[in-house]
Amino acid sequence: TSALFLLSIIWGTAFIAIDYALENNWNTFTILTIRGLLSGLLLLPFAIKDKIWKNKKLIKHITIAGIFLFLGYSLQIGCLLPNSHALILT
């Protein structure tokens, strides 16, 4: 249950942080860069522990997924798509 509590805190603060950034006219790609760097730093210890860099196929799949996530977030946060379709992308 503590993991779910931590997850809900992280999930909830993400919306607050993005709302703050958008109200203060931050660039879309600045928001995406900070969000990606923070999540990457949080996952880095697990990647080091499991030595994922040795699995080339996994690295390829992670890269492809990252590109699609970046495009989805860019379109959603950049308001290029209507808000009703934003849930489909992410």
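We count residues from 1, following the sequence as given.
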Legend entry - side chain to side chain contact (heavy atoms under 4.5 Å, CB included) partners for N55, two or more places apart: K57, L58
Legend entry - Counterpart residues, side chain to side chain contact (heavy atoms under 4.5 Å, CB included), relative to K51 (two or more places apart): W53, K54
Legend entry - Euclidean distance, L44 CG relative to S39 OG, rounded to 0.5 Å: 11.0 Å
List the atom pairs, with distances to 0.1 Å, where a side-chain N or O of residues 60-67 and a protein N or O form a donor-acceptor pair under 3.5 Å, not counting sequence neighbours.
from: T63; atom 1: OG1; to: I59; atom 2: O; distance (Å): 2.8

Inset, instruction - Sequence neighbours left out, what passes side chain to side chain contact (heavy atoms under 4.5 Å, CB included) with I34? Give chain and number order. - result: W26, T30, L38
Inset, instruction - Share the residues that join L43 in a hydrophobic cluster, the rule being Ile, Leu, Val, Met, Phe, Trp or Tyr side chains under 4.5 Å apart at the heavy-atom level. - result: F46
Legend entry - Co-members of F5 in a cluster of I, L, V, M, F, W and Y side chains, linked at under 4.5 Å: I9
